[in-house]
Each structure stands twice: as C-alpha cells, then as structure tokens.
Amino acid sequence: MARTARAILLSASLVALLLAWAGIAGMDRLTNSGFLPDDARSRHDNAALSARYRAGGADVVLLVDAAAGVDSAGAARAGRLLEERVRRAPGVLATTSYWSSGDPTLRSRDGRTALVAVDLTEGEAAATRAAERLVPPLLGRDGPVEVSATGPAWVSAETMRAARRDLLTGELVAVPLTALVLLFVFRSAVAALIPLLTGVFAVTGTLAGLRLLACFMDVSSYAANITCALGLGLAVDYGLFMVTRFREERAAGAAVPGAVARTRRTAGRTVAVSAGVVALSLCALFVFPFGFLRSVAAAGILVALLSAAATVLLVPAMLTLWGGHVDRGDVFARLRRRTAGDGSGSVPWRRIATAVCRRPLRWTAAALAVLALLSLPCAHAVFAPSDDRALAAGSDLHRAGRRLDSGFSPAPDRVVTVGLPAGTGDGALDAYARRLAALPGAAGVRTATGAYANGGRLPLPAPEAARFGTPAGPLLTVVSRTGRTDDATHRLVRAVRATPAPGGGRALVAGESVRTVDTADSLAGSLPLAGALVAGVTAVLLGRFTRSALIPLKAVAVAAASLSACLGVLVHVFQDGHLRFLLGDFATGGFLDGSLVVFVLVVAYALSVDYEVFLLSRIREAYLATGDNTAAVVRGVETTGRVVTAAALIVVCAMAALASSGVTALKTIGTGLAVGVLVDATLVRGVLVPGLMTLAGRWNWWPSPRPRTAAAPSAPSPPAPPAPPPDPRGS
C-alpha cells in the first residue's frame, strides 16, 4: 500500500506540472464574449446594420479633446487625420466622426470634445481582438488634441487584461489565507498540507481544462478566475472533510490502513455525492442561451469532478504515507486555550444545536427573520448588461464612459438605431418617423427627412442628412427620454419593434437599450426551467442519499431562502453602492448584470446543498445508530459544525481573490459567493436546518423504515490489519 501511494503521488506531481504549463500557455485562447443571448433579435439586427448600413453601433468610441475647441482649424485637421488613420487599420469596417459627418450629436455641449465612432469586424471575440490592437497606440496627446477611448469592444479588451492580471494576484492571496485557516483548524502542519496540495492540483487541472474547452467553444476570460477560485475552495473543502474523518477514526483506535479504508468508504462517498450535486446543479446554466454562462458552467462542472477525483485519489495516498504524523506541527499551539471535546466534535456548536433543539420554533422564526431582513433589497433589484462600469471607478476607461454619458446629448445608451429596406420613399419615411416620434417615451427621431419632436419636423444639415440616407436604405435614430434600465425605455423598444415598417418589411432595430431588453427577456424566459432542473436534481440526489421524501423539499426551500439573502446583499452593495470602504474601488450604475447574478445564485445553491450533504450524512448516521431524531440532529451539528465553518472560511478565502479584483464583475461574483457561503454555513446550517429537522421529528425520514433498535450501536467495522512498522526514513 505504501509503495502504491508513493507511485500515485509522484505521478500526480508530474501531471500537475504538465497541467500547469498547458494551462498557462492556453490563457490567450480565452475571450470576453457571450454576454448577449444567442437567440437575441438584436444580435442579428446589429450584425445586419453593421454589414449593410455600417451603423450597427460603435464598438469603440474615441473621445477627442481640444482645449481650443473641436471647431478650431488645428483640432479639425488632427481629428480628420485620426479618423483616416483608424479607417485604414485592420479589422475596422467603418468610422464616423463629428468632422466628417457634421452630426451635432457627436460634439459635446461645451464644444471641447468630439467623437470618432468605430465599427469593428463582426463578432464579439473578433471585435475585442481588433480593439486590443487598435486602441493603445491612439491614446494620449496627439498634437493639439488628446484621445481617450470607451465602447463595448475596448471595455471587453480592458476587462480581459485586468482579469488575467488579477488571476495570479488572487491565487497568491487565496493560497496563504487558506493555509492559515487549515493550520488553525487542524492544529497540525501535516494535516493542513494534505487538503492544500489537493487544491493546488485542482487549480492546475482547471487551467489545463480551460485550454481544452477553448478548442471546442468560446471560453470567457472570467472562467479562469472563477473556476480557479472555485476549484481551490472545493478541493480543499473535500480534503478537509476527508482528513477530519480520518482523524476521528484514528481517535477511535483504528490503525492507519483501517482508518484510511473507512474514510474512503464514508467521507469519500459523501465527497462523490457532493461533487455530483455541484456538477448537476451547474448543468442548469446550459438552459440560458448565453455563451458566458455555458462556458463557466462547463468549466465549473470540470472543476467539481476534478476536485472530487483528486480528493478520493490523492488524499488516501497522502494519509497512507503521512497518517501517523497527522497530528504533528501545531504552529499556533501557544495561542490556543485547552478545550474539551476536540476529538469528536465542537463544544460551542453542540451547545448551539442543543439550544436550538430545545426551542426549535423560536430559533427557526428568528433565523427566517434575519434572512428576510437581508432579502429586503431584492424588492428594487434592476438587471442590465454590464458596460464600462465593469472596471474600477478610477480607471481611465470608466472616466471616459462617464464623460460620454454626461457631456453629450443624447446619451449613447438612449439611442435606438432603426434600419429600413432600400427603396423606402421620402413620403413613407416621413410618415414612419412621425409614428415613431409619437410613441410614449420617445424624445425625438432623426432621419434623412429631418428631426422629429413634439409633433413637428425640422430640417437637418446636408452632411448629417446624407449620413441617414445610405444605399442599403434609410436609417433612423429614436431617442428615449429615460435610461436603458428604465421600464419606460423597455416599453419604447418593444413599441418600436411593433410599429410596421413602410412597405411591409421588417425594420432592423439595435442599440444598448435593445440589448438590455433582449437580455432581460432571455433571462426571464429561461429562469423557470433552470430553477425546476436545479430543484429536481436536488430532490433526486438527496432523496437517494437520505432515503427521505421530506428532506429534499426542505433543502430546496432552505436554499431558496439563503439565495434571496445573498441577492439582497448584492443589490445593497453593487446596485446601491454601499460598503466601498470594505470592498475597494468599484463603479455602480444602479443595476446588476443579470447573467452574473444567475451564475452566483446557481453556484451558491450548489455550495449550499454541498454543505447540506455533509451535515445530513452525519445526522443520518447518528439516527440509524440511535433512532433518536433530536439527538441525531445535535450530534450531526456537533461533528460537522467546526469543519463546515472551516470549509466556508476556506471558500471565503478563495472568493476573496475575486472580491479583491479590479473588475467589478469578478468582485460581484466573489462577494456574492462569500456572503452566500457564510450565511449558509452559520445561520442556515447552525440554526435553521436543526430547527426545522427538530420540528419535523421522525417525519424527516419518511418513508424510510425506522431503525430496528433505538439504542443499537452501529455495526462494528472489521478488525483493522496491524499497523506497519515505522519507516526509519520518517515518511
């Protein structure tokens, strides 16, 4: 057995080195696309407007500042030269500037800034790569003007760069924090090292797995940060549970080989079930037609299975070699106070569980009240796709975006672009523009026949009118009175789409507001099916695991309450803009990215059920041994309370790497998962679940048969083989 264990660990070390090399070398294959639904009408319309009208919305917007004013001779000459330089760059389909079009909406209200709108090659990933090459050489001072940039493609490129930078920084933060938690919990450097090595192997395997997935699908650059943090948390958690069970078996008198075998049979089975719950819960993300969610779901499933496989393979091998020394090396020994009960359970958690079980109704009501209080901000949640606020509030890109919103009229996110078929006459165009201008929420319409507002029409300057009359057909811009997240804007977008186009054809409709509407509709349409799948998976797996019909229903209900609290905290922080002093510099636009929230809630749900599995496994084991439901609940909380809390702290350490990121999306994911895990591991597992299971009594286990003897001890395990003689080399 010892020789086999050494061979396994040596092989795993070599494989980990190869996986790390493969993963790091494949980081350039990741993209930052997939945040728009695949079936969105706006995706098709935007591509058609770009291809036929050269007006699908700017991928990059250059802000050109001139102290002497953009109409001065020097600024005009520099602006035209800049536009010509951009037009000739690879990947650029079309450009429009204030100087070439005469469009007053491309000139700031103070006259000191003008815009160059750049339409890049089709496809989010291709546009992002083109922006990475195009924008950096243009930034800064260029003669009498100074250039800054924003726009979706440049935001995507900058967030990818920031995410790659934060990946290494985050792991350098997470691994030492995790090691400190393990050292404090295990009271042994040897015991702490085993889960940590498993986590490192899982992270290297994750990076290599992302490279493999990138060969078959677009994989988000966020997936590397998210899944590395998740892989470290899951693998260390699984290793933590295995080592804890091994130490319990050793404390009961088992020799190392027997303790390893029993640990593999009990905790190893629980780890396998837990990984299955996490992986199958993440499968629900495939219901959503978002490339981002599909890529992180595939990566997350790979991580969960890899973490479980590494745990059941490597941890027994390490315990076989080092199990005799698993209690050595307590570096915090001088800081501890001696407490009773450290061998088989936690005294504080036993006291908490006993108090809850004495008055379960009171404690259950109190826990639900706290969760309801945390959930209150959910009532005003607003969801919309991310923009330049994805980066820190102090970044140059974010400042450029805010200048674009505040200095120009109308703000770009209020403009809806409409393309009509070729051959539309001026009379039909005029009538159509008047109908659009009369829609509720429309501030005005501009097209080749004039500017329409308040029932009237004004002529446009010739250069601007010519821009709306393209060979492919006339263009119109509809300006909303409200921002893209407002319900009035959503109603306007739907009304524009519902207005019949001249000649019976279909109008092409695109813009940030349209993208927001399509994203919200797609999420809302997919959410019920995804929720049903997640609940069904939980019911089947937990029902099979516990042989109970009530416990799976209780688990789903408790997880839903926990998730609502998690969402409430996200709204309070990242939509309402609180707690910046704690989380660092981040920007808020009064909304949350819906796809990020869906991912956070699904993963938080998976982790919630993950901890439920560990708790239920010990409660059921105690119930089968004693037949006393209340005593089993107390025993389950006592034996898992400290280890579940430690596991939660480890996940929080891993998520701290994301929460410290300069990318708001990663900060949102890290904070949401950290809050969800902490609430679940303390309030839910320590109070709510014991209270509900005490109230349910023996109905918890219906229709499973009752134990044959109420006080019968569990079946004795087979006698362990004699311990091997100590290795003189100290292994």
Side-chain angles (χ1 to χ4, degrees), residues 230-231 233-235 237-238 240-241 267 269-287 297 300-301 303-305 307-308 311 367 371 530-567 598-621 633 636-637 640-641 643-645 647-648 650-652 654-655 672-690 692-693 696 700:
L230 185 61
L234 284 177
D237 275 5
Y238 293 161
L240 174 68
F241 284 105
R269 175 175 177 263
T270 305
V271 165
V273 173
S274 172
V277 170
V278 173
L280 290 174
S281 297
L282 289 174
C283 287
L285 293 176
F286 289 109
V287 171
I301 291 169
V303 165
L305 299 179
S307 299
T311 300
L371 291 176
L533 286 175
V534 168
V537 165
T538 304
V540 171
L541 287 180
L542 286 186
R544 182 75 178 85
F545 184 65
T546 62
R547 306 293 196 274
S548 166
L550 180 64
I551 285 178
L553 299 179
K554 182 268 303 175
V556 172
V558 166
S562 179
L563 293 185
S564 64
C566 175
L567 177 58
V598 166
F599 175 77
V600 169
L601 295 183
V602 170
V603 175
Y605 179 90
L607 293 175
S608 171
V609 179
D610 183 31
Y611 295 146
E612 181 96 354
V613 168
F614 285 110
L615 175 60
L616 289 176
S617 67
R618 302 308 292 268
I619 293 177
R620 184 172 183 271
E621 183 178 332
V633 170
V637 174
T640 63
V643 72
V644 166
T645 305
I650 288 166
V651 173
V652 169
M655 293 305 132
L673 292 179
V675 170
V677 165
L678 279 179
V679 169
D680 194 80
T682 54
L683 182 64
V684 173
R685 299 297 149 231
V687 178
L688 186 56
V689 170
L692 290 173
M693 293 192 71
N700 284 310

Shortest non-hydrogen contact from G231 toward V303: CA-CG1, 3.2 Å
Measure the shortest side-chain to side-chain distance between L673 and V603 over non-hydrogen atoms and say whether it is less than 4.5 angstrom. yes
Is there side-chain contact between L282 and L285, with heavy atoms separated by less than 4.5 Å? yes
F545 versus V277: any side-chain heavy-atom pair under 4.5 Å? no
Enter the distance from L616:CG to N700:CG here, rounded to the nearest 0.5 Å. 9.0 Å
Donor on one side chain, acceptor on other, R685 and S608, under 3.5 Å: yes
Heavy-atom closest contact (L234 atom, A304 atom, distance): CD1-CA, 4.0 Å
L607 side, atom CG; L230 side, atom CG - distance, nearest 0.5 Å: 6.5 Å
Heavy-atom distance under 4.5 Å between the side chains of K554 and V689, does that happen here? yes
For D237, which residues count as a salt bridge (charged side-chain N to carboxylate O under 4.0 Å, His left out) partner, sequence neighbours excluded? none
For a quick check under 3.5 Å, do Y238 and T270 share a side-chain donor-acceptor pair by atom type? no
Is M655 close to V677 at the side-chain level, that is, under 4.5 Å between some pair of heavy atoms? no
Least distance between heavy atoms, I619 atom then G636 atom: CG1-CA, 3.7 Å
Pairwise side-chain contact, I301 with F286, heavy-atom cut-off 4.5 Å (strictly under): yes
With heavy-atom distances below 4.5 Å as the criterion, would you say the side chains of V609 and S281 are in contact? no
Which residues pass the side-chain hydrogen bond (donor to acceptor under 3.5 Å, both in side chains) test with T682, not counting sequence neighbours? none
Do you know which two heavy atoms are closest between V652 and A674, and how far apart they sit? CG2-O, 3.9 Å
Should L240 and F614 count as side-chain neighbours, where that means a heavy-atom distance under 4.5 Å? no
Nearest atoms (heavy-atom pairs only) where S548 meets L550: OG-N, 3.2 Å
For Y605 versus T538, what's the shortest heavy-atom pair and its separation? OH-OG1, 2.6 Å
